[in-house]
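In what follows, a structure is listed as structure tokens, so that the remarks can point back to it.
All of these numbers come straight from a predicted model, not from anything done at the bench. When reading the values below, keep in mind they use all heavy atoms of this one structure, side chains included, and skip hydrogens, waters and symmetry mates.
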Amino acid sequence: MLDKIFDAKSFEGNFSFDMEASTRIPNAEPFMVLLPPPNITGNLHIGHALCFTLQDIVARYKRLKGFDVLFQPGVDHAGIVTQLLVEKQIYASGVEKGSLTREKLLKEIWFWKENSSGVIINQLRKLGISCDFSRQRFTLDEKSKKAVSKIFVSLYRNGLLYRGHRMVNWDPLIESAISDLEVVEREVDGHLWHIKYELENGEDYIVVATSRPETIFGDVAVAVNPKDSRYKKFVGKKVRIPLIDRLVPVIEDKYADPEKGTGAVKITPAHDFNDYEVGLRNKLPIIDIFNEKAELNKEVPEMFQGMGRFEARNKVVDLLEKKELLVKVEDIKQTLPFGDRSGVILEPRITHQWFVNAEKLARPAIKAVKDGKIKFIPKHWENLYFEWLENIRPWCVSRQIWWGHRIPAWYGPDGQVFVAESESDANKQALNFYGKHDVKLVQDEDVLDTWFSSGMWPFITLDWPEDNEDLRKFYSNMIVVTGFDIIFFWVSRMIMMGMYAMKEVPFKEVYIHGLVRDKHGNKMSKSKGNVIDPLILCDKYGADAVRYTLAYMSSPGRDLKMSDRIVETGRNFLTKLWNVVRFAQMNGCVYNNGFDPNEVSHPLNKWIIFETRNTINAVEEAYKSYRFDDAARLIYQGIWNTLCDWYMEFVKPILQQSALTDDTAEGYNLDQTLLKKDVRDTMAWVIVQFIRVLYPIAPFISKKLSGELGATEVVWPEFDNIQLDFTDSIRQVELLKEIISSVRSIKQSFRMPANEELNVVLEGNSVETADFIEIYGKIVHKMANVSFVDSVAMSIPVVLNGAILRIGIDRKIDVQEKIADFRKEVANCSKMRDAALFRLNNEDFRNKATEDVVTEHNKRVEVLSEKISKIEYIIHSLEAMQ
RNA sequence: GGGCACAUAGCUCAGAGGUAGAGCACUACGUUGACAUCGUAGUGGUCGUAGGUUCGAUCCCUGCUGUGCCCACCA
């Protein structure tokens, strides 16, 4: 027997789903859920909890539906983030900055990884995520390394990957190139300094506006627009760069915008993307004035060398002012590029890097989605996907850090590049190239962008390039569930890489979930202190409650506002379910494997079977279309509003001997014991069906309660064999519900105590009144405290659907208020009826509306008319009572 | 500058071309042997705004306003 107190902690810890996750169904239809590998940098946050819960629901649902489900887990090495984190720790422990070696760092990170991935796996278990942990993978494990090298070499040989010397976004803190996607634009306050550039002969000057005066040392020209008459006279002449007196030409270039600044712009090709282009167009030299930390290098006057860029800026401005070369300073808002990981302002920098020709890889990836081979849910995210891929630029994949996939390229002493899957391959190539053995090759120091390997995750996890059954089965039979923020980073790259390596889409569906926010709708962040830890929530309310709540709130394409309060809704529901099973147990309900719903005879049982079947069919539709919110809601309503509020109350008189009279059974020629058994079986059956469909969302409690009821196996409910005729049962139960509600409502509105015993008369012809009273009399008595009689002296009449109920009263009651209510209702009904009539009188409506709608309108008018005349009759009789 | 999404009850959100829904909150009553993490009955909305399409629009289309987000540019 269940405890009175529902305590998730008492049983959730006892379940491990590893076994069932690794139990596969050999010949069934394959289905794979690709878990986005969490970074090894930290704990799981509430966003992970949402993402993983939703995919776990899918995985469990598919398993119940008989698919061969592979739910593949893993963790991501997360290059830059991890390295920054571990470096920080090492430095904090007293190691001096320059002294850290590659070997030492990697050793420390591997140590960190072992610990961290263990923590993550435990957190996944706690959340009940049913991955197959025996197949855990790591984006930097040996198999991944092989696959990454193979793809790298293949892309290189096909001309889709190359080494180039060009301008990239450079992070001076990390001291590495980063990709365009890792750049975040932020608006900051800045200044625009207007600086005099004097002509060579000193007779005149041009004023140039810049937000970066420290870069004047890298200036190689001043550009003006060819159409700008103001500066015509300067073109072709030379101006003097302040402070260093270098002479540079004034050139014409369309890039100079007469509207912006002063219309004359200084050109610094080494430190600005636009200037770089101008430089190329005009064959200007390139003067790089920064080192990799964005400190000024030997190209600048000695007093500036080694200075940081911001310090240099102040100094330059200072000197300019002293030399009266500063015309004015404007305050401006400017949007600057920051590194998303380091948080520092980035520098454009010309370096040697490896690039992927993303434009070519994007074409099949775009086509796959255009052709509908991959569907985004919700669909509108496809726009974002197309927008990005259609304007994609070369993808810089090399990083000047140590943690990651080392680039499989080797250099000869003359700089000759040998790209190979292994060092021995490279040596072979070198032998071939140089024609001699002893040429020493040096491997590229850099590593690959983390997303290079993440993009291969769908086939890396299936042991590609090894040909195997799982790879053939599961590749392209996957779903990916993830947030919109990594559509560019991850989803699109998986599609590009997948189309390239496998010539086929990796997955057919991409479910994009919303962002979890705090209760005010703010983004969660450590600095705001509004972060909700899913594991703390699990401790407080149980993992099932957290899962249920996340599912309940996840309507497609919408963000979720999370709070403890909302999780209570989930917890309360599970408590209710717990008590449902407790009630069933107390009344001897046990799941009976041989129970046949077709055999039940009591209309209450037929009715609840009907309701259960309908609801669960709807739940199935919801799961199929990934409407987790609908699924959660439907189960909630089915259990709480239908099973608890009605059915369980209906059958109490039957289950509880003392309240049972022979009448209840006799109407159906049933032995009391048989009827009781019927109800017990039905109740257990209904509860078990609901528990089964709840299982994907709340697996712990479902397992526990299912077991308590004696249904050891969780399988998806099947209703195909139910052939019952429900018509009469539904009509009767609907009337029953209406009677009970009406009596309760009348009692409340006249401020009668709910437990006051009253007599009622049922007048009507929709069902056989006598039979109805015989079957349901006791139930109505128990639930509404009224007894059916043949007549009453004084009564308050109530209009039911197809019947009138007279509620007997033994004293005069002020019915004025009630009369007013009824009048309001008449007015309401009339309004609705008139609206329907108005349409019916409209020829266009009759001709153009569908037949069903017209029929429905006719029916509505009829029903409303009847109702109105009944209410009017009631008003009349109430008035007579006064 | 280009694009996407959203706007429904006090709050959080579902919803459908044809009679507006839930949970929470609120009001009143209630501890009857599953459950006070509960029960019963209520209150509460011209579905952001202006047009258009339609027999009919809260739903479809367009403009507007507001909110959030993405991309691009900035001397």
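- Ranking B/C55, B/G18, B/A41 by closeness to the A/K848 side chain, first place goes to B/C55.
- With A/I267 as reference, A/V278 is the one residue of A/V208, A/V278, A/D253 to meet the side chain to side chain contact (heavy atoms under 4.5 Å, CB included) rule.
- With pairs defined as Watson-Crick or G-U wobble and both atom distances under 3.5 Å, the stems of at least three pairs that touch RNA chain B come out as B:1-7 with B:65-71, B:10-13 with B:21-24, B:26-30 with B:38-42, B:48-52 with B:60-64.
- As judged by a 4.0 angstrom heavy-atom cut-off over every strand, A/R846 is placed among residues making no nucleic acid contact.
- In this pair, A/W381 and A/F484 present their aromatic rings parallel. The plane angle is below 30°, not in the 30 to 60° band.
- Within 6.0 Å of OH in A/Y205 there are 12 or fewer heavy atoms belonging to other residues, nucleotides or ligands.
- Rounded to whole Å, atom P of B/G21 lies 18 Å from atom OH of A/Y636.
- Across the protein-nucleic acid pair, A/R571 atom CZ and B/G23 atom C1' stand 15 Å apart, rounded to whole Å.
- Under the 6.0 Å distance and 45° angle rule, A/R493 counts as a cation-pi partner of A/W395.
- Regarding contacts with the backbone of B/C38, a side-chain N or O of A/N572 is found under 4.0 angstrom from either OP1 or OP2.
- Across all strands shown, A/S211 has heavy atoms under 4.0 Å from sugar-phosphate atoms exclusively, and none from any base.
- Residue A/W193 is out of contact with every strand shown, counting any heavy-atom pair closer than 4.0 Å.
- Spacing of C1' atoms, B/G15 relative to B/A20, comes out at 9 Å, to the nearest Å.
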When you look at A/E277 and A/R281, which way does the salt bridge (charged side-chain N to carboxylate O under 4.0 Å, His left out) test go after all the steps?
CA-CA 6 Å; A/E277 295 299 320; A/R281 267 201 297 277; 5.1 Å; no
Produce a footprint string for nucleotides 1-15 of chain B: one letter per nucleotide, 5' end first; B if the base is under 4.0 Å from any protein heavy atom, S if only the sugar-phosphate is, - if neither.
--SSSSS----SSSS
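- Closest approach to the A/T575 side chain among B/G18, B/A34, B/U37 is made by B/U37 (side chain taken as heavy atoms from C-beta onward).
- To the nearest whole angstrom, the two C1' atoms, one in B/G33 and one in B/G44, are 36 Å apart.
- Distances were taken from every side-chain heavy atom of A/Q748 (C-beta onward) to each of B/C69, B/U40, B/A34; the shortest belongs to B/U40.
- Remark: A/R744 is not in phosphate contact with B/C29, judged by side-chain N or O atoms under 4.0 Å from OP1 or OP2.
- Among the protein residues, A/K4 comes within range of the sugar-phosphate backbone only, with heavy atoms under 4.0 Å from sugar or phosphate atoms but none that close to a base.
- Using C1' as the reference atom, B/C71 and B/U58 are 33 Å apart when rounded to the nearest Å.
- The distance between the ring centers of A/F628 and A/Y511 falls below 6.0 angstrom.
- Using a 4.0 Å heavy-atom criterion, one finds that A/A209 contacts the sugar-phosphate atoms exclusively.
- Within the 4.0 angstrom heavy-atom criterion, only backbone atoms of the sugar-phosphate kind lie near A/R582; the bases stay farther away.
- The residue among A/R860 and A/A584 whose nearest nucleotide of RNA chain B lies closer to the 5′ end is A/R860.
- Other residues, nucleotides and ligands contribute at most 12 non-hydrogen atoms within 6.0 Å of the CD atom of A/E851.
- Distance A/E825 CD to B/G42 P: 11 Å, rounded to the nearest Å.
- Nucleic acid contact class of A/F386 (heavy atoms, under 4.0 Å, all strands): none.
- Aromatic ring orientation, A/W388 versus A/F488: parallel (interplanar angle below 30°, classes split at 30° and 60°).
- Looking at heavy-atom distances under 4.0 Å, A/E649 makes contact with a base.
- To the nearest whole angstrom, the two P atoms, one in B/G18 and one in B/C73, are 46 Å apart.
- Across B/A57 and B/U62, the matching C1' atoms stand 14 Å from one another, rounded to whole Å.
- Nearest-nucleotide positions on RNA chain B place A/R751 closer to the 5' end than the other of A/N842 and A/R751.
- A/W640 has no side-chain polar atom (N or O) that falls below the 4.0 Å cut-off from OP1 or OP2 of B/A22.
- Rounded to whole Å, the separation between the P atoms of B/A7 and B/G48 comes to 8 Å.
- A gap of 27 Å separates the P atoms of B/G17 and B/U12, to the nearest Å.
- Rounded to an integer number of Å, the gap from A/I5 CD1 to B/U37 P is 9 Å.
- The cationic atom of A/R571 (NZ for Lys, CZ for Arg) does not lie both less than 6.0 Å from the six-membered ring centre of A/Y541 and within 45° of the ring axis.
- We find that CZ of A/F573 is positioned 13 Å from P of B/G23, with the value rounded to whole Å.
- A/R839 comes within 4.0 angstrom of a base, heavy atoms only.
- What separates CG of A/D564 from P of B/C24 is a distance of 17 Å, to the nearest Å.
- Nucleic acid contact class of A/D645 (heavy atoms, under 4.0 Å, all strands): sugar-phosphate only.
- Rounded to a whole angstrom, the distance from the P atom of B/C4 to that of B/U43 is 43 Å.
- The distance from atom CG of A/D272 to atom P of B/C73 is 11 Å, rounded to the nearest whole Å.
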Evaluate the side-chain hydrogen bond (donor to acceptor under 3.5 Å, both in side chains) criterion for residues A/E330 and A/H194: first the C-alpha distance (whole Å), next the side-chain angles of each, then the deciding distance (0.1 Å), finally the verdict.
CA-CA 8 Å; A/E330 260 181 88; A/H194 293 245; 2.7 Å; yes
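- Residue A/N579 places its side chain closer to B/A34 than to any other of B/G23, B/C71, B/A34.
- Here A/A835 lies out of heavy-atom contact (under 4.0 Å) with every strand.
- Among the protein residues, A/T262 comes within range of no part of the nucleic acid, since none of its heavy atoms lies under 4.0 Å from any strand.
- Among the protein residues, A/M832 comes within range of the nucleic acid bases, having at least one heavy atom under 4.0 Å from a base atom.
- We find that A/E843 and A/R846 are not joined by a salt bridge, their nearest charged nitrogen and carboxylate oxygen being 4.0 Å or further apart.
- Taking every side-chain heavy atom of A/T569 into account, B/G23 is the closest of B/G18, B/G23, B/C69.
- The CE atom of A/M1 sits 10 Å away from the C1' atom of B/A34 (whole-angstrom rounding).
- When heavy atoms are screened at a 4.0 angstrom cut-off, A/S745 is found touching the sugar-phosphate backbone but no base atom.
- No salt bridge links A/K561 with A/D518; every basic N to acidic carboxylate O contact stays at or beyond 4.0 Å.
- A salt bridge does not link A/K859 to A/E856: none of the charged nitrogens lies less than 4.0 Å from a carboxylate oxygen.
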